[in-house]
Q: 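Have a look at this one before I ask anything.
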Amino acid sequence: MEPYLTNVPPDVDEDRVGISYSGGGPLLLIELGIAQAFVDLKIVPVAIAGVSAGAIAGTAHALDPTGGAGIEAAAKALLTVSDHKLGLTKAEIVAKVLSSLLSAQKLPSGLGDNAPVHDMVEGAFKEVTGRPRLIVGDFGKDSRTKLYIGATDRHQCERYWFPDSAEVARALVASSAIPGVFPPCRMTVSGNDGLFIDGGVAQNQPLSKLVLDEKCGTLYACAVGYDGEAMRDPADALDNALSSVSIITHESSRLEQAYVECKFAQAGKGNVYHIHPDGPFAITSFTFTETLIREVIDLACRQTKDWINQQGWMPPTAPEAVPLTAVPVSSGERPNGGRLT
């Protein structure tokens, strides 16, 4: 099978901005802050590609890439999410596992259930557009950025990009179905029945898609979570599994980025900018408060803007960079880690 990105298209254009959002579970708060930074800096992408939590953040960004209404709606909608609503409290996990073992003599397909994401997304859509149901094809028009939502096809064992006909809210449930944590998502797309799991399993930092399909020559690879640092001993079996998955997805993301950078270098054009705000961020679960949401988004936004400005990573046709002193912080002074790795 030929590599996914064999050659850079001859018409790739550095004026065409593409943004990639990786998976990250509850760290999608950080990605919403990164998205807000692009809005503030007036960097408007022609396309956004995201998987798992990054698909949710990317959808919020693509909904209103110039005003940030989708980001604000997503931040508000996250107040309706919690470990309890997703069935991820320790008591609920133990009860579900025991019940499945006793009744069916097997482990459940997921410790929790991310189905509530569907209603959360539709609520945000209704607030911004007046319509609860949007399909992928609704993006890329009406001032919305083209959107690519990635999942992993569990039967074919390969990456999968939802077509224009797919319902976005349902696609986001499938894209964020973390193996073992949430059950696989069954859905019919374009008349075909499929079984999907987390998009980060097959491609956690989707960059090639933006080059091949949208000819983007300026790419922002927005990553959250584990970034290659040393890890402590795992606390239990679940922690061991999830932390190991973090290592796998991080290594695959590094390969994807290095591959695209290599192909850009061979073509003599194109840039990939790695965005990874280093916090500190006090996110430990899916149970969010208004204060936590605002503080994380503000800090991630501020660090992202600082880093892009400091590195001179504005796109060729973007407006003049916002001075660092003009970066707003809505809830008081917070430390700026400065370095993003």
Side-chain angles (χ1 to χ4, degrees), residues 19-35 37 49-58 78 81 83 86 88 110-112 114 150-152 159 175-182 197-208 219-261 272-288 292-293 295-297 299-304 307 335-341:
I19 298 177
S20 165
Y21 289 104
S22 75
L27 301 183
L28 72 92
L29 284 183
I30 303 172
E31 292 182 306
L32 289 177
I34 295 172
V51 296
S52 196
I56 298 174
L78 285 175
V81 177
D83 282 352
L86 297 174
L88 291 178
L111 299 178
N114 67 333
T152 300
R159 71 192 70 183
S175 180
S176 59
I178 305 169
V181 179
F182 300 127
I197 59 174
D198 195 294
V201 171
Q203 187 181 29
N204 194 50
Q205 191 72 75
L207 295 169
S208 300
L219 302 177
Y220 293 92
C222 304
V224 295
Y226 179 68
D227 201 41
E229 65 274 11
M231 285 188 176
R232 56 170 173 73
D233 291 349
D236 51 34
L238 180 60
D239 182 33
N240 187 32
L242 293 179
S243 59
S244 297
V245 169
S246 295
I247 296 171
I248 294 170
T249 55
H250 171 68
E251 290 301 300
S252 68
S253 296
R254 287 180 61 195
L255 287 173
E256 168 76 359
Q257 182 170 331
Y259 180 46
V260 174
E261 288 171 338
V272 183
Y273 302 134
H274 185 63
I275 306 295
H276 183 88
D278 57 7
F281 302 107
I283 305 171
T284 59
S285 71
F286 287 97
T287 300
F288 305 120
L292 176 65
I293 291 171
E295 288 185 349
V296 170
I297 289 177
L299 181 54
C301 176
R302 180 180 180 180
Q303 289 186 348
T304 300
W307 187 243
N336 177 10
R339 181 181 63 84
L340 284 72
T341 56

Q: Apply ring-ring contact (aromatic ring centres under 6.0 Å, His included) to Phe286 and list each qualifying residue two or more places apart in sequence or on a separate chain.
A: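 Phe286 satisfies ring-ring contact (aromatic ring centres under 6.0 Å, His included) with no residue once adjacent residues are dropped.
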
Q: Considering non-hydrogen atoms only, spot the tightest contact between Ser246 and Met231 and give its length.
A: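 In terms of heavy atoms, the two residues are closest at CB-CE, 4.2 Å.
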
Q: Among all residues two or more places apart in sequence or in another chain, which pass the salt bridge (charged side-chain N to carboxylate O under 4.0 Å, His left out) test with Arg254?
A: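 Glu251.
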
Q: Side chain to side chain donor-acceptor pair (under 3.5 Å) for Asn204 and Ser252? Distances and angles first, verdict last.
A: CA-CA 7 Å; Asn204 194 50; Ser252 68; 5.8 Å; no

Q: When Tyr21 is tested against each of Val51, Ile34, Leu28 for side-chain contact (heavy atoms from CB on, under 4.5 Å), which residue passes?
A: Ile34

Q: Ignoring hydrogens and angles, state whether a donor on the side chain of Glu256 or Gln203 is under 3.5 Å from an acceptor on the partner side chain.
A: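 A donor-acceptor contact under 3.5 Å links the two side chains.
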
Q: Does the side-chain contact (heavy atoms from CB on, under 4.5 Å) test come out yes or no for Arg159 and Thr152, once each step is laid out?
A: CA-CA 5 Å; Arg159 71 192 70 183; Thr152 300; 5.9 Å; no

Q: Kindly compute the distance separating CG (Leu299) from CD1 (Ile30), expressed to the nearest 0.5 Å.
A: 9.0 Å

Q: Could you state the interatomic distance from CG (Asp198) to OG1 (Thr249), rounded to the nearest 0.5 Å?
A: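 The OG1 atom of Thr249 is 9.0 Å from CG of Asp198, to the nearest 0.5 Å.
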
Q: How far does NE2 of His274 sit from OG of Ser20, to the nearest 0.5 angstrom?
A: 10.5 Å

Q: The test is side-chain contact (heavy atoms from CB on, under 4.5 Å); show your working for Trp307 and Arg302 and say whether it passes.
A: CA-CA 9 Å; Trp307 187 243; Arg302 180 180 180 180; over 6 Å; no

Q: Quick one: does Glu229's side chain have a donor or acceptor within less than 3.5 Å of a partner on Asp227's backbone?
A: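 Confirmed, Glu229 side chain pairs with Asp227 backbone.
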
Q: Checking Gln205 side chain against Ala221 main chain: does a donor-acceptor pair fall under 3.5 Å?
A: no

Q: How would you list, by chain and number, every residue that makes a side-chain hydrogen bond (donor to acceptor under 3.5 Å, both in side chains) with Asp239, sequence neighbours excluded?
A: Arg232

Q: Do the rings of Tyr220 and Tyr273 sit parallel, tilted or perpendicular, given the 30° and 60° boundaries?
A: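 Ring orientation of Tyr220 relative to Tyr273: tilted.
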
Q: Kindly write out the residues that satisfy side chain to side chain contact (heavy atoms under 4.5 Å, CB included) with Thr287, not counting sequence neighbours, or none if the list is empty.
A: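 Applying side chain to side chain contact (heavy atoms under 4.5 Å, CB included) to Thr287 gives Ser82, Asp83, Ser285.
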
Q: CG of Leu207 to OG of Ser253: how many Å apart, nearest 0.5 Å?
A: 8.5 Å

Q: Is there a side-chain contact (heavy atoms from CB on, under 4.5 Å) between Phe182 and Ile197? Walk through the geometry before answering.
A: CA-CA 9 Å; Phe182 300 127; Ile197 59 174; over 6 Å; no

Q: Considering non-hydrogen atoms only, spot the tightest contact between Ala300 and Pro277 and give its length.
A: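 For Ala300 versus Pro277, the nearest heavy atoms are O-CG, 4.1 Å.
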
Q: Roughly how far, to the nearest 0.5 Å, is the CG atom of Leu219 from the CD1 atom of Ile19?
A: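 Going from the CD1 atom of Ile19 to the CG atom of Leu219 covers 10.0 Å.
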
Q: With Val181, which residues qualify under side chain to side chain contact (heavy atoms under 4.5 Å, CB included), at least two apart?
A: Leu88, Ile178, Leu242

Q: How far apart are the closest heavy atoms of Ala223 and Ser22, and which atoms are they?
A: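 Shortest heavy-atom contact: CA-OG, 3.4 Å.
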
Q: OH/Tyr226 to CD1/Ile248 distance, rounded to the nearest 0.5 angstrom?
A: 11.5 Å

Q: Can you name the side chain to side chain contact (heavy atoms under 4.5 Å, CB included) partners of Ala55, sequence neighbours left out?
A: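 Listed in chain order: Ile149, Leu172, Ser175.
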
Q: Can you name the nearest heavy-atom pair linking Val224 to Gly23, along with the distance?
A: CG2-O, 3.7 Å

